[in-house]
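Below: one structure, written as structure tokens.
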Amino acid sequence: MNRLIFGTVASAAIMLSFGAAARDVTVGLQLEPPHLDPTSAAAGAIDQVLYSNVFEGLTRFGLDGSVNPGLAESWEISDDGLTYTFTLRSGVTFHDGSALDAGDVVFSLDRARAEDSVNAQKALFANIASVAAVDDTTVAVTLTKPQGNFLFNMAWGDAVIVAPESIGDIKNNPVGTGAFKFDDWKQGDSITLVRNDAYWGEAAKLDGATFKFISDPTAAFAAMMAEDIDAFYSYPAPENLVQFEADPRFTVLAGNTEGETIMAMNNKLPPFDNKQVRQAVSHAIDRAAIIDGAMFGYGTPIGSHFAPHNPAYVDLTGNSEYDPEKAKALLAEAGFAEGFSTTLKLPPPSYARRGGEIIAAQLREVGIETEISNLEWAQWLEQAFKGYDFGLTIVSHTEPMDIGIYARPEYYFQYDNADFQKLIADLDVENDPAKRTEMMQEAQKIISEDYVNAYLFQLALTSVVRSDLQGIWADAPTQAVDLTAVSWAE
């Protein structure tokens with residue numbers, strides 16, 4: 001999930017101005033990872049740099065959101081649905097030269113599901129009963145009960161395969177099996193990857209890649225226009241996109257993300273433990289004004305925690321239509337006729353900072369005063385995500401199909417609904433597509449009608465790339481800048 005400066009680019013990037021002969025690429029990102037271990041933090045910025053590029057899982061997401069073979073070339077599922085037997089690809093080595101074997105898979109999955117695991121998505125592994133190496137290239141994973149989305153879960157960045165030999169320094173020196181190797185991290189500035197010439201699959205077309213961290217939208221615009229960077233993934237200043245569209249040097253990619261952008265409410269902190277108050281907050285917010293004012297029209301309104309492009313989506317925006325008078329009436333019924341004050345903690349992305357200012361003004365109109373705190377990503381993770389120290393906060397949840405987080409009472413917005421938890425538990429073991437769709441739609445309705453959070457919009461992915469750069473994903477089925485098929489036009 002959901003969190004710096006820019007300067008002179010190295011000589012390899014300067015070479016890019018001469019055309020297709022250059023084989024490196026420089027990609028701008030707004031957020032810098034807090035560290036480089038995707039298996040022990042909720043920061044989406046880690047996956048943006050490392051998913052598929054450096055680390056791989058048993059399965060992986062394709063551009064269309066499909067689940068495809070990864071380090072496992074195939075698998076068999078037992079008749080009772082409890083045992084998945086994975087056959088690993090042969091000839092796979094980690095970047096330190098050691099061979100991938102079944103023991104590494106056992107280590108990775110056991111580490112992720114261990115009692116002391118700090119994996120941000122530990123629930124992905126909760127249904128695993130045991131992991132066993134059948135032989136060097138075969139792993140048997142036995143579940144406690146059938147799970148229809150198990151292969152989907154194994155494609156998350158939190159489920160990548162790591163080696164016990166390199167785990168000690170993974171946060172600073174990540175060692176994976178991907179098409180690129182970690183080279184250097186200049187903290188506050190950039191991360192550099194180089195091509196892995198020993199890669200088991202199709203080799204990367206680029207010699208290397210540099211991710212530049214540019215948090216300020218004005219600096220992002222200047223860096224792009226000066227061609228100091230070749231692409232800016234999820235460009236942070238949508239007001240500039242018209243200029244880029246008119247410039248033949250650039251292409252603007254406008255695609256979909258899995259990012260449900262919400263204003264989360266702390267469901268265990270008064271007065272947000274009162275459903276009427278949460279409903280009042282939801283009716284006080286004008287989504288259209290936020291999309292237009294903060295995102296310059298890019299974004300799709302949502303009424304629950306579900307992506308509109310998913311076939312199981314239900315349009316529930318009517319449950320929380322903009323109605324400030326209704327919001328005032330609900331507050332009065334809840335005992336807050338004079339309103340109240342709370343905190344609004346905002347991580348760095350533009351949607352949060354800009355959207356937060358607009359929402360604060362809208363809430364003020366119904367009597368809710370907010371104390372805005374602009375936090376860096378690490379601060380947000382510590383205070384809001386881990387510490388529950390917030391009243392309101394804005395963040396985009398970019399993990400794929402993650403409505404199941406509402407079944408975790410300990411999750412940062414602390415929603416605790418036993419009926420919802422049972423529904424998600426049943427969904428996990430249901431394999432019939434029609435029944436799964438029905439259950440997902442019911443899940444959307446429950447959290448929408450419980451006003452768990454204020455549902456704002458589905459985050460659009462707008463990236464700016466050099467016109468001669470090919471292969472950058474327009475859509476984001478997961479939170480990754482996958483460079484494995486990126487190349488320069490010849």
Side-chain angles (χ1 to χ4, degrees), residues 1-10 13 25-36 38 41-50 171 184-193 209-241 243-244 250 252 257 259 261 290 293-296 298-299 344-358 372-385 390 393-398 459-465 472 476 479-481:
M1 240 185 35
N2 20 86
R3 350 99 321 277
L4 303 174
I5 57 173
F6 89 98
T8 304
V9 179
V25 69
T26 302
V27 178
L29 295 175
Q30 192 174 20
L31 297 179
E32 180 174 22
H35 59 71
L36 304 180
I46 303 174
D47 276 358
Q48 282 190 328
V49 174
L50 300 178
K171 291 186 175 182
D184 184 47
W185 182 11
K186 294 181 174 62
Q187 295 198 11
D189 180 71
S190 63
I191 290 174
T192 303
L193 310 179
T210 298
F211 290 91
K212 294 283 289 184
F213 307 114
I214 307 173
S215 61
D216 178 62
T218 302
F221 177 74
M224 201 72 225
M225 291 299 290
E227 298 184 42
D228 288 337
I229 54 179
D230 305 304
F232 204 108
Y233 184 82
S234 191
Y235 184 76
E239 66 272 21
N240 299 144
L241 294 176
Q243 291 170 264
F244 288 118
F250 304 109
V252 174
T257 77
T261 306
I290 298 165
M295 305 305 296
F296 289 79
Y298 290 94
L344 176 56
K345 299 198 172 182
L346 304 174
S350 300
Y351 66 76
R353 298 280 173 89
R354 294 177 176 182
E357 294 290 345
I358 296 170
I372 291 179
S373 297
N374 290 328
L375 304 178
E376 291 307 309
W377 189 238
Q379 293 176 298
W380 185 88
L381 288 170
E382 193 63 31
Q383 292 183 30
F385 190 79
F390 73 98
T393 187
I394 298 174
V395 71
S396 187
H397 285 254
T398 53
L459 188 68
L461 177 62
T462 50
S463 299
V464 181
V465 304
I472 296 286
Q479 46 197 353
V481 185

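Reckoned from all heavy atoms, side chains included, excluding hydrogens, waters and symmetry mates. Not measured: the values here are computed from a predicted model.
Within the 3.5 Å criterion, the main-chain N or O of Ser234 finds no donor-acceptor partner in the side chain of Thr462. One N or O on the side chain of Asp230 and one on the backbone of Thr26 form a donor-acceptor pair closer than 3.5 Å. Using a distance-only test at 3.5 Å, with no hydrogens or angles considered, no donor-acceptor pair links the side chain of Tyr298 to the main chain of Pro238. The main-chain N or O of Ile214 is never found under 3.5 Å from a side-chain atom of Gln30 such that the two would form a donor-acceptor pair. Formation of a donor-acceptor pair under 3.5 Å by the Thr257 side chain with backbone atoms of Leu461 is not found in this model.
In terms of heavy atoms, Leu459 sits closest to Met295 at CD1-CE, 3.9 Å. Minimum heavy-atom separation, Gly356 to Leu346: CA-CD1, 4.0 Å. Closest heavy-atom contact between Val27 and Val481: CG1-CG1, 4.3 Å. Nearest heavy atom pair, residue Pro236 against residue Ser350, reads O-OG, 2.8 Å. A pairwise comparison of heavy atoms in Ser463 and Tyr233 identifies OG-CA, 3.5 Å as the closest pair. What you find for Pro33 and Trp185 is that their closest heavy atoms are O-CZ2, 3.5 Å.
Listed by chain and number, the residues in a side chain to side chain contact (heavy atoms under 4.5 Å, CB included) with Glu357 are Ile372 (sequence neighbours excluded). For Thr393, the side chain to side chain contact (heavy atoms under 4.5 Å, CB included) test picks out Ala264, Lys345, Pro347, Trp380, Phe390, Tyr412, with sequence neighbours left out. The ring-ring contact (aromatic ring centres under 6.0 Å, His included) search around Phe250 returns Phe244, not counting sequence neighbours. Glu239 pairs by the salt bridge (charged side-chain N to carboxylate O under 4.0 Å, His left out) definition with Arg354, not counting sequence neighbours. For Lys171, there are no salt bridge (charged side-chain N to carboxylate O under 4.0 Å, His left out) partners, not counting sequence neighbours. Applying the side chain to side chain contact (heavy atoms under 4.5 Å, CB included) rule to Ile358 yields the partners Ile290, Ala294, Gln362; only residues at least two apart in sequence or on another chain are considered.
Residues Phe232 and Phe221 are not in side-chain contact: their nearest non-hydrogen atoms beyond the backbone lie 4.5 Å or more apart. Side-chain contact between Phe296 and Leu241 is absent, with no heavy-atom pair separated by less than 4.5 Å. The closest side-chain heavy-atom distance from Leu29 to Leu31 is not below 4.5 Å. Here the side chains of Glu32 and Ile191 are not in contact, with every heavy-atom distance at 4.5 Å or above.
Atom CD of residue Gln383 and atom OG of residue Ser373 lie 7.0 Å apart, to the nearest 0.5 angstrom. Rounding to the nearest 0.5 Å gives a distance of 8.0 Å between NZ of Lys212 and CG of Asp228. For the atom pair CD1 of Ile229 and OG1 of Thr210, the computed distance is 11.5 Å after rounding to the nearest 0.5 Å. To the nearest 0.5 Å, the span separating CZ on Phe211 from OG on Ser190 amounts to 11.0 Å. Going from atom CD of Gln479 over to atom NE2 of His397 covers 10.5 Å, rounded to the nearest 0.5 Å. In this structure, CD1 in Ile394 is found 5.0 Å from CG in Leu344, a value given to the nearest 0.5 Å.
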